[in-house]
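Have a look at the structure below, then the notes.
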Number of protein chains: 2
Amino acid sequence: MSDLLERLRGRGWRMTAQRRVVAEVLDGDHVHLTADEVHARAADKLPEISRATVYNTLGELVTLGEVLEVTTDRRAKRYDPNAHRPHHHLVCARCGAIRDVHPTGNPLTSLPDSERFGFTVEGVEVTYRGVCPDCATA
Amino acid sequence: MSDLLERLRGRGWRMTAQRRVVAEVLDGDHVHLTADEVHARAADKLPEISRATVYNTLGELVTLGEVLEVTTDRRAKRYDPNAHRPHHHLVCARCGAIRDVHPTGNPLTSLPDSERFGFTVEGVEVTYRGVCPDCATA
DNA sequence: CACTTGACTTAGACAAAGTCTATCGTAGGA
DNA sequence: TCCTACGATAGACTTTGTCTAAGTCAAGTG
Ligand SMILES: [Mn+2]
Ligand SMILES: [Mn+2]
Ligand SMILES: [Zn+2]
Ligand SMILES: [Zn+2]
């Protein structure tokens with residue numbers, strides 16, 4: 001999506017080589033990368049890019065709503081360019097593989113008022129855990 | 001629950017002062033403590049207890065299924081002694097307050113086979129996010 | 001095009017959370 | 001009471017991420 005670059009420019013971003021390569025990395029079909037993985041792939045195209053810049057750019061993309069942070073374990077956060085279609089995640093407990101999933105129904109409606117304790121509930125994250133086909137046969 | 005101490009003894013645990021105070025801390029009504037919070041409270045009763053021992057003991061309790069790990073943010077893991085009644089969590093986005101909640105229905109059934117990608121799905125975590133009453137008025 | 005400037009990038013220090021290791025101590029059985 | 005394997009300890013180390021001070025450059029101006 002060179003859409004993304006256009007949108008960023010429209011938001012007043014200076015178009016630097018660093019921001020371009022980070023956006024290109026996320027634009028691929030490689031979903032749910034860690035910041036270090038993004039950095040490694042970005043550095044293939046722009047070897048001198050720094051970790052700080054990758055973190056800064058990812059944080060900005062998250063703030064703009066162009067990328068989502070996903071936390072499926074207590075290791076590194078993962079960055080999800082699929083920010084425009086709401087979804088949840090299915091995670092392999094053995095190898096860590098992550099798939100996007102789209103459950104039926106709205107989990108927000110399954111939380112009764114009596115279980116809200118006066119909170120204004122704004123969102124919900126759902127993480128399914130299991131074993132992927134590869135790990136099951138191995 | 002001095003039940004807990006009995007169960008641990010039954011599992012062959014040596015009953016040390018350190019393990020006893022960690023179990024006592026978790027036994028109170030103070031739910032969802034971080035490891036450091038557990039350490040601080042344990043140290044009130046046993047000043048020389050080390051961080052490593054708290055981490056070790058918490059890890060063992062998790063392995064035994066007596067305590068659950070809860071990760072609601074990318075900060076520290078929290079340790080949940082409410083391991084015997086399945087539940088999910090409602091988290092305040094501002095102050096981090098955590099409440100146990102019991103939604104209706106089973107979220108596992110809302111994930112159709114066509115969205116399982118061959119995984120054997122074993123569990124699901126649900127985290128509701130919102131703003132608690134205290135933070136809403138402040 | 002050359003100039004200017006503040007936004008951007010960088011290296012590396014720093015921090016928080018957790019793990020690991022070598023050594024010491026002790027719970028609990030003989 | 002003694003022995004010893006299991007557990008506790010201090011502190012080094014790792015991972016992930018943030019912050020800072022100084023240098024660089026994108027892009028607007030003339
Ligand atoms: Mn996703
Ligand atoms: Mn709980
Ligand atoms: Zn797997
Ligand atoms: Zn709050």
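Here is the naming used below: chain letters follow the sequence lines, and residue numbers restart at 1 for every chain.
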M15(A) atom CE is separated from dT9(C) atom P, nearest whole Å, by 10 Å
For a quick check, tell me whether the side chain of R74(B) and the base of dG17(D) share a donor-acceptor pair closer than 3.5 Å.
no
Within the distance-only criterion (no hydrogens, no angle test), does the side chain of R94(A) pair as donor or acceptor with the backbone N or O of C135(A) below 3.5 angstrom?
yes
On DNA chain C, more 5' by nearest nucleotide between W13(B) and K77(B) is K77(B)
What I want to find out is whether E24(A) reaches R41(A) closely enough, with some N-O distance under 4.0 Å, to be called a salt bridge.
no
Just to confirm, is there a sub-4.0 Å distance from OP1 or OP2 of dT18(D) to any side-chain nitrogen or oxygen of Y55(A)?
no
Rounded to whole angstroms, how far apart are CG on L58(B) and P on dG7(D)?
15 Å
Starting the side chain at C-beta, find the nucleotide from dG28(C), dT9(C), dG17(D) nearest to S50(A).
dT9(C)
For the pair R99(B) (side chain) and H89(B) (backbone), establish whether a donor and an acceptor sit closer than 3.5 Å, ignoring hydrogens and angles.
no
When the distance from CG of D73(A) to C1' of dT16(D) is rounded to whole Å, what number comes out?
12 Å
5' priority, DNA chain D, between N56(B) and R51(B) [closest heavy atom]:
N56(B)
Could you state the atom-to-atom distance from CD of E60(B) to C1' of dG18(C) in whole Å?
15 Å
No-hydrogen, no-angle side-chain donor-acceptor test under 3.5 Å, H88(A) and D100(A):
no
Over all strands shown, is A76(B) touching base, sugar-phosphate only, or nothing at heavy-atom distances under 4.0 angstrom?
sugar-phosphate
Pick the nucleotide of DNA chain C nearest each of A17(B) and A35(B); which residue has the one closer to the 5' end?
A35(B)
From OH of Y79(A) over to P of dT16(D), roughly how many Å is that when rounded to an integer?
12 Å
Distance-only donor-acceptor test (3.5 Å): side chain R14(B), base dC6(D)
yes
Does a side-chain N or O from R19(B) land closer than 4.0 Å to OP1 or OP2 of dG7(D), or not?
yes
Short side-chain donor-acceptor distance under 3.5 Å, T71(B) and R74(A)
yes
May I ask you to verify if any side-chain N or O of T53(A) is less than 4.0 angstrom from the OP1 or OP2 atom of dT10(C)?
yes
Phosphate contact (dA27(C) OP1 or OP2) by T16(B) side-chain N/O below 4.0 Å
no
Report yes if a side-chain nitrogen or oxygen of Q18(A) is closer than 4.0 Å to either non-bridging phosphate oxygen (OP1 or OP2) of dT10(C); otherwise report no.
yes
Check this for me, if you would: do R7(B) and E66(B) make a salt bridge, where the nitrogen-to-carboxylate-oxygen distance has to be below 4.0 angstrom?
yes
Distance, rounded to the nearest Å, where E48(A) contributes CD and dG23(D) contributes P
18 Å
Using a heavy-atom cut-off of under 4.0 Å over every strand shown, decide if R75(B) touches base, sugar-phosphate, or nothing.
sugar-phosphate
How close or far is atom C1' of dT15(D) from atom NE2 of H39(A), stated in whole angstroms?
16 Å
Spacing of I49(A) atom CD1 relative to dT24(D) atom C1', expressed in whole Å
15 Å
